[in-house]
Chemist: 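Structure provided below as structure tokens; questions to follow.
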Number of protein chains: 2
Amino acid sequence: MSVTRVGFIGTGIMGGHMARRLAQAGFAVSAWNRSPGKAEALERFGVAVAAEAAEAARHADVVIAMLSSGQVCDDVLFGANAVAGAMSPGSTLVVMSSIPVETARRQAELAASKGIRYVDAPVSGGEKGADEGTLAVMAGGEAATIEALAPILGLFGRVTHVGPAGAGSLAKLANQLIVASNICAVAEALLLAERGGADPAQVREALLGGFADSTVFRQHGLRMIEADFVPGGPAKYQVKDTGTALALAESLGLTLPVATEVDRIFRGLVDNGGGDLDHSAAILELRRMSVKRRAGKR
Amino acid sequence: MSVTRVGFIGTGIMGGHMARRLAQAGFAVSAWNRSPGKAEALERFGVAVAAEAAEAARHADVVIAMLSSGQVCDDVLFGANAVAGAMSPGSTLVVMSSIPVETARRQAELAASKGIRYVDAPVSGGEKGADEGTLAVMAGGEAATIEALAPILGLFGRVTHVGPAGAGSLAKLANQLIVASNICAVAEALLLAERGGADPAQVREALLGGFADSTVFRQHGLRMIEADFVPGGPAKYQVKDTGTALALAESLGLTLPVATEVDRIFRGLVDNGGGDLDHSAAILELRRMSVKRRAGKR
């Protein structure tokens with residue numbers, strides 16, 4: 001059996017680690033990155049560097065894209081002289097960027113029209129997860145296609161098939177929505193405790209291990225108490241996610257009252273200059289809203 | 001040194017286990033319960049049963065109250081012929097019921113006027129935690145008083161001193177607020193995933209271990225997916241907590257936009273007949289809100 005050839009499009013912070021893990025596992029990897037230095041750094045692991053994205057994809061059995069946005073994926077994968085045009089019928093395109101659900105569905109249709117299998121498989125777990133192969137991979141597409149990708153996607157972390165094309169992006173969006181909402185919930189509770197006269201650090205300590213506990217409560221709660229807002233996850237990206245979720249909900253006729261307020265809190269934070277702060281800085285915006293309200297009452 | 005005498009007021013589901021643990025540890029426990037059968041069941045562990053609440057408190061060094069509400073605590077502890085009147089100056093009253101912050105503060109002042117030390121120490125962890133001594137105990141009051149109570153409170157679980165009198169109740173309220181908000185956040189995200197065409201059970205599976213993960217996500221998320229709304233924590237109690245939190249926030253001039261929506265969701269659930277369902281049934285109310293909205297648009 002011949003070695004599976006993988007084209008890797010986008011070898012930035014996440015993609016660089018992922019392409020390296022593929023090469024180290026024995027796959028024949030051809031990589032492209034907009035700024036070539038990041039791809040060239042992978043040559044010592046046996047990765048071939050392509051001058052054009054289409055070139056990295058030309059003889060690949062599987063092409064993986066890890067680019068910065070849905071728009072960049074559209075351009076690089078489906079634009080003129082782009083990746084999809086160079087791929088062979090029967091090969092598979094896996095988009096691992098976080099992109100809107102509608103973008104994933106449209107790309108799946110475009111791919112299908114060229115005889116290319118399509119999977120959207122965004123991840124969570126950050127650079128550490130990419131480095132160590134412990135990402136959560138949320139895969140949307142045909143079951144058989146995703147099963148066939150197991151030797152590849154399994155190198156990146158734990159793979160879950162969540163539904164048809166677009167469902168991977170939807171799962172990632174659900175993840176972001178819960179994180180954003182829980183950050184605001186923790187911020188409101190700590191603010192109430194603090195203003196009511198309790199010691200927020202001790203309240204956090206008391207609640208560990210109980211029903212209020214979560215990764216967000218532990219990590220972002222601590223950031224709020226220590227006023228440590230160096231990102232982490234910048235608030236401006238949070239706004240992008242909550243906005244995407246609300247637009248999708250609107251198109252589906254769904255009312256999401258909590259998400260609506262969470263979006264408003266993060267937009268306020270960004271409008272007030274906090275876009276580059278960690279998203280736990282939602283507590284600053286909640287403080288601001290209360291101060292404004294009290295001022296208005298005078 | 002003589003054995004510490006503990007008066008135990010309210011030996012229901014939680015208090016029964018706690019009084020038993022005290023007696024088993026060698027404390028001299030005198031117990032009272034409104035329906036006497038529940039106290040008498042403790043006699044085989046060496047607990048003495050009192051005919052009146054004041055009688056259980058009369059010679060006690062420490063009196064613990066585990067009653068159903070702030071109002072019942074006011075009546076039984078501070079009403080006519082009540083517990084506080086029978087307690088000696090220098091003894092300690094520990095209210096472990098979940099009561100409003102303002103009630104705890106008022107009771108602390110009343111107790112102080114009689115020379116009685118006061119601690120509010122609500123718990124979380126349910127009957128299982130009370131049985132096994134693994135509750136989270138959130139204690140508000142003087143540090144020295146709470147330290148002196150360590151041999152007693154330590155039998156119930158992990159004790160954290162969270163601030164002055166009232167702070168225990170405040171910590172418990174913060175706990176309830178985070179749980180209620182996170183339940184709604186998880187419900188909105190799963191609803192979006194489901195309506196968008198993903199498999200919610202697989203989405204839950206994919207998100208385990210990531211930043212969206214929490215006790216609520218695991219337990220209540222599963223209940224939502226399986227439509228298992230047998231309580232658990234009935235929604236009607238959730239409404240009591242969110243209402244208490246919002247009233248306190250209002251009195252402190254705090255704006256809590258997420259809690260406001262969460263309260264509205266749970267009130268809607270109760271108004272629509274779901275008060276006795278588990279609070280994970282918030283997802284039913286969110287579905288109803290969306291259906292209503294779509295109907296209104298036609």
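Chain A is the first sequence line, chain B the second, and so forth, proteins listed ahead of strands; every chain is numbered from 1.
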Chemist: Where on B/Ala187 is there a heavy atom nearer than 4.5 Å to chain A: the side chain, the backbone, both, or neither?
Modeler: neither
Chemist: Please state whether the side chain, the backbone, both or neither of B/Arg204 comes within less than 4.5 Å of a heavy atom of chain A.
Modeler: neither
Chemist: Side chain, backbone, both or neither: which part of A/Arg218 has an atom under 4.5 Å from a heavy atom of chain B?
Modeler: neither
Chemist: Counting heavy-atom pairs closer than 4.5 Å to chain B, which one of A/Leu248, A/Leu207, A/Thr260, A/Val179 comes out on top?
Modeler: A/Leu207
Chemist: Relative to chain B, which segment of A/Leu192 carries a heavy atom at a distance below 4.5 Å: side chain, backbone, both, or neither?
Modeler: both
Chemist: Output the option from B/Pro257, B/Ser214, B/Ala174 having the highest count of non-hydrogen pairs under 4.5 Å with chain A.
Modeler: B/Pro257
Chemist: Other residues, nucleotides and ligands only: do more than 12 of their heavy atoms fall within 6.0 Å of CD1 on A/Ile13?
Modeler: no
Chemist: If we define contacts as heavy-atom pairs under 4.5 Å, which of B/Val137, B/Leu208, B/Leu190 has the most with chain A?
Modeler: B/Leu208
Chemist: Given heavy-atom pairs under 4.5 angstrom as the criterion, report whether the side chain, backbone, both or neither of A/Val258 touches chain B.
Modeler: both
Chemist: Can you tell which part of A/Gln219 gets under 4.5 Å to a heavy atom of chain B, answering side chain, backbone, both or neither?
Modeler: side chain
Chemist: Let's test your reading of the structure: which of B/Met289, B/Glu261, B/Glu188 forms the most heavy-atom pairs below 4.5 Å with chain A?
Modeler: B/Glu188
Chemist: Under a 4.5 Å heavy-atom cut-off, does chain A meet the side chain of B/Leu177, its backbone, both or neither?
Modeler: side chain
Chemist: Name the region of A/Ala180, side chain, backbone, both or neither, that has any atom closer than 4.5 Å to a heavy atom of chain B.
Modeler: neither
Chemist: Less than 4.5 Å to any heavy atom of chain A: does that hold for the side chain of B/Leu170, its backbone, both, or neither?
Modeler: side chain
Chemist: Given a strict heavy-atom distance threshold of 4.5 Å, which part of A/Arg105 is in contact with chain B: side chain, backbone, both, or neither?
Modeler: side chain
Chemist: Heavy-atom cut-off 4.5 Å, strictly under: side chain, backbone, both or neither for A/Arg158 against chain B?
Modeler: side chain
Chemist: Just give me the residue among B/Gln202, B/His161, B/Lys172 that pairs up with chain A most often, heavy atom to heavy atom, under 4.5 Å.
Modeler: B/Gln202
Chemist: Between chain A and each of B/Glu205, B/Met138, B/Arg264, B/Gln176, count heavy-atom pairs under 4.5 Å; write down the option with the most.
Modeler: B/Glu205
